[in-house]
Amino acid sequence: MAKAKGARMLEFPKIHDARGNLTFVEGTRHIPFDIKRAYWIYDVPGGESRGGHAYKKLEEVFVALSGSFDVVVDDGASTTRLHMNRSYLGLYVPNLLWRHLENFSTNAVCLILASMPYNEEDYLRNRQAFLKGGGRQE
Ligand code: TYD
């Protein structure tokens with residue numbers, strides 16, 4: 001089955017010693033854009049899902065800081081489900097990819113790094129309008 005276009009997994013540096021692990025990221029070095037905003041999703045009740053939209057321009061990276069969840073991305077033609085459960089991995093999701101998050105474990109914390117400040121005008125919340133625009137082509 002074809003994969004949704006454009007999403008890819010990033011592996012971040014992991015500094016391991018007897019005191020535990022440390023992971024860090026720098027915008028444009030480990031993240032493919034200059035980070036303009038960070039937000040996080042937590043305390044998600046069992047069975048709930050988040051997202052369910054695309055963005056016209058915004059690029060994001062999802063990190064499971066704690067626990068696990070699935071990110072489902074869809075370019076309009078193909079859908080890919082990625083299970084996130086490692087805090088040294090990030091999922092890069094470019095613009096024009098429909099996404100939702102589900103299957104949150106208890107105590108899951110999802111960090112999202114974003115390429116632009118919050119702007120409701122950048123959201124594509126209407127699935128039919130997203131498909132009509134052709135989704136993501138490459
Ligand atoms: P939304 O993006 O719809 O949440 P999700 O995609 O995770 O399900 O945002 C939910 C609400 O939070 C909405 O009213 C907009 C607001 N919000 C901000 O004010 N700033 C932000 O950076 C984000 C991500 C959301």
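First listed ligand is number 1; within each ligand, the first listed atom is number 1. From a predicted model like this one, the values you see are computed outputs, not experimental measurements.
- Between the side chains of Y123 and E121, no donor-acceptor pair is found at a separation under 3.5 Å.
- Backbone and side-chain nitrogen or oxygen atoms of Y123 are examined, and one is located within less than 3.5 angstrom of a nitrogen or oxygen of ligand 1.
- There is no protein heavy atom less than 4.0 angstrom from atom 14 (O) of ligand 1.
- Taking a cutoff of 4.0 Å between a charged side-chain nitrogen and a carboxylate oxygen, R86 and E11 do not qualify as a salt bridge.
- When ring centroids are compared, Y88 and F12 stay outside the 6.0 Å threshold.
- For the pair G51 and ligand 1, the shortest N or O to N or O distance falls below 3.5 Å.
- Shortest contact from atom 6 (O) of ligand 1 to any protein heavy atom: H53 NE2, 2.6 Å.
- Checked against a 3.5 angstrom limit, the closest N/O atoms of Y39 and ligand 1 fall outside it.
- Remark: ligand 1 atoms within the under-4.0 Å shell around heavy atoms of I41 are 7 (O).
- Here the side chains of P117 and K36 are in contact, with some heavy-atom distance below 4.5 Å.
- The protein heavy atom nearest to atom 24 (C) of ligand 1 is R37 NH1, 3.4 Å.
- For atom 11 (C) of ligand 1, no protein heavy-atom neighbour is found at a distance under 4.0 Å.
- Neither the backbone nor the side chain of E120 comes within 4.0 Å of ligand 1, counting heavy atoms alone.
- R50 NH2, 3.2 Å is the protein heavy atom nearest to atom 4 (O) of ligand 1.
- Proximity of H100 to ligand 1 is not established, as no heavy-atom distance is less than 4.0 Å.
- Aromatic pair F24/H30: ring centres closer than 6.0 Å.
- Of the polar atoms of Y55, none of the N or O atoms is found under 3.5 Å from an N or O of ligand 1, judged by distance alone.
- With respect to atom 17 (N) of ligand 1, the closest heavy atom belonging to the protein is Y118 CE1, 3.8 Å.
- For R125, a nitrogen or oxygen atom sits less than 3.5 Å from a nitrogen or oxygen atom of ligand 1, counting backbone and side chain alike.
- Closest non-hydrogen pair, R136 versus L96, comes out as CB-O, 3.0 Å.
- One hydrophobic cluster, built from ILVMFWY side chains closer than 4.5 Å, holds both V44 and F62.
- Between S115 and K57, the closest side-chain pair of non-hydrogen atoms is not below 4.5 Å.
- Defined by atom type and a distance below 3.5 Å, a donor-acceptor pair is present between the side-chain atoms of E59 and Y92.
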